[in-house]
There are 2 protein chains.
Amino acid sequence: MADHDGHRPDLAAMLQPLTRALIAAELPVLARHGISMWGYVVLNALDGNPAGTQGALAQAIGADKTRIIAILDELQLMGLISRERDPADRRARLLSITRAGRELRLAVRAEIQANENRVLTRLPAADRQAFLRAAAALSALPAEEFTRTA
Amino acid sequence: MADHDGHRPDLAAMLQPLTRALIAAELPVLARHGISMWGYVVLNALDGNPAGTQGALAQAIGADKTRIIAILDELQLMGLISRERDPADRRARLLSITRAGRELRLAVRAEIQANENRVLTRLPAADRQAFLRAAAALSALPAEEFTRTA
DNA sequence: TATTGTTATACTCTATAACTATA
DNA sequence: TATAGTTATAGAGTATAACAATA
């Protein structure tokens, strides 16, 4: 959407409030299921990628290794993940999602995406598909791609 | 981009790292021009909307009124905004962008959007246009639209 | 000596509450 | 008494540094 002078708002300036609003919409869903946002992020990262270490998980979700510890404590206590010492390296702890964790993840995702899809109906169908494609493509780019010229 | 089970990642989960990367790419540009990110946000809000009060500005950019004070102090000291007492209500202070402020804003915006456009070339041209259209349309929605069913 | 995970500490950002000057 | 702006305080979230166990 062009400015009066033919320019557009910065992409970041458009996406930041949008992302904030989407996250705000997730919070009631997550609260209803008794899980935190970071807990949900961890379940998403572990589903399909079991038996990684805590360090690998932290890196995968872009979090500090110290930040995920309390989250893992909680998920383990709720029976949503397993966290076993690696017999081959007794310093490490291998993480995987449990059946209950997977079920919770899928239930939460269904609700979140139902709401997202409702919002997306505000877009023409063609733009909706292109938007999702573009978001996936851009979010898959490595961080260096964004700071090439800076 | 569909999952192995036919599902997609949450929209918020895709947009958050993308937005973070775009903001990270802005920081060196802003630093080179000696301005903070919030300072740039304020200049963007004031350009074309002069003579508003601080409260109105805070609301417009979704910030607390206490949060913008230090930013306005800095912008005023740099000569990028003017901040005059309202003769009709001497409690209020009327804000407007100066010529220098407008020039700085445009210079920063040109650099930021040049980088954004470079990143966007990773998308097919049709998707690129649709993505910008969709981002503008969704970011223009009122916050209530996102939490209808929650 | 290096590494995994943990705990303790400090820092940044933001929100809340209390204050002033005008109305 | 209510409001615009300011200042001071407190809270949440995150990062940094120090530590224990194992390699």
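Labels below follow one simple rule: chain letters A, B, ... track the order of the sequence lines, proteins then strands, and each chain is numbered from 1.
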Quiz item: Of B/Asp64, B/Thr66, B/Leu72, which is the lone residue that meets side-chain contact (heavy atoms from CB on, under 4.5 Å) with B/Ile68?
Solution: B/Leu72
Quiz item: Would you say B/Asp127's side chain and B/Leu123's backbone share a donor-acceptor pair under 3.5 angstrom?
Solution: no
Quiz prompt | Within residues 78-85 of chain A: residues closer than 4.0 Å to DNA chain C (heavy atoms) | solution = A/Arg83
Quiz item: Would a 4.5 Å heavy-atom cut-off, applied to side chains only, mark B/Asn44 and A/Asp10 as touching?
Solution: yes
Quiz item: Using a cut-off of less than 4.0 Å, is there contact between a side-chain N or O of A/Arg90 and OP1 or OP2 of C/dT4?
Solution: no
Quiz prompt | Contact under 4.0 Å: B/Trp38 side-chain N or O vs C/dC13 OP1/OP2 | solution = no
Self-check item: 5' priority, DNA chain D, between A/Ala88 and A/Ala63 [closest heavy atom]
Solution: A/Ala63
Self-check item: Sub-4.5 Å side-chain heavy-atom contact between A/Arg83 and A/Gln54
Solution: yes
Practice problem: For B/Asp89, report the nucleic acid contact type (base, sugar-phosphate, nothing); a contact means any heavy atom under 4.0 Å. | Solution: sugar-phosphate
Practice problem: For B/Ile69 and C/dA21, give me the distance from atom CD1 to atom P, rounded to whole Å. | Solution: 15 Å
Quiz item: Salt-bridged, A/Arg109 to A/Glu26, with N to O below 4.0 Å?
Solution: no
Quiz item: Under a criterion of less than 4.0 angstrom to any heavy atom of chain A, what are the 5'-terminal and 3'-terminal contacting nucleotides of DNA chain D?
Solution: D/dT14 to D/dA23
Detail all sub-3.5 Å separations between protein N/O atoms and N/O atoms belonging to nucleotides 16-18 of chain C.
| unit_1 | atom_1 | unit_2 | atom_2 | d |
| --- | --- | --- | --- | --- |
| C/dT16 | O4 | B/Thr66 | OG1 | 3.4 |

Quiz item: Of all heavy-atom pairs between B/Glu145 and A/Val119, which one has the smallest distance, and what is that distance?
Solution: O-CG2, 3.7 Å
Quiz item: Do B/Asp86 and B/Arg91 sit within salt-bridge range, that is, some charged N less than 4.0 Å from a carboxylate O?
Solution: no
Self-check item: Distance, rounded to the nearest Å, where A/Leu72 contributes CG and C/dT7 contributes P
Solution: 12 Å
Exercise. Would you kindly give the CD-to-P distance between A/Gln54 and C/dT3, to the nearest whole Å?
Key: 17 Å
Quiz item: How long is the line joining CZ of B/Arg91 and C1' of C/dT20, in whole Å?
Solution: 12 Å
Quiz prompt | Check: B/Leu43 main-chain N/O paired with B/Asp47 side-chain donor or acceptor under 3.5 Å | solution = no
Self-check item: First of A/Ala92 and A/Asp73 reached from the 5' end of DNA chain C, by closest nucleotide
Solution: A/Ala92
Quiz item: Whole-Å distance between C/dT7 P and A/Ile71 CD1?
Solution: 14 Å
Self-check item: Whether B/Glu116 side chain and A/Leu11 backbone form a donor-acceptor pair below 3.5 Å
Solution: yes
Practice problem: Check whether the side chain of B/Arg67 and the base of C/dT14 form a donor-acceptor pair under 3.5 Å. | Solution: no
Quiz item: Is any side-chain heavy atom of A/Leu75 less than 4.5 Å from a side-chain heavy atom of A/Ile35?
Solution: yes
Exercise. Examine distances only and state if a side-chain atom of A/Arg93 and a backbone atom of A/Glu84 form a donor-acceptor pair shorter than 3.5 Å.
Key: no
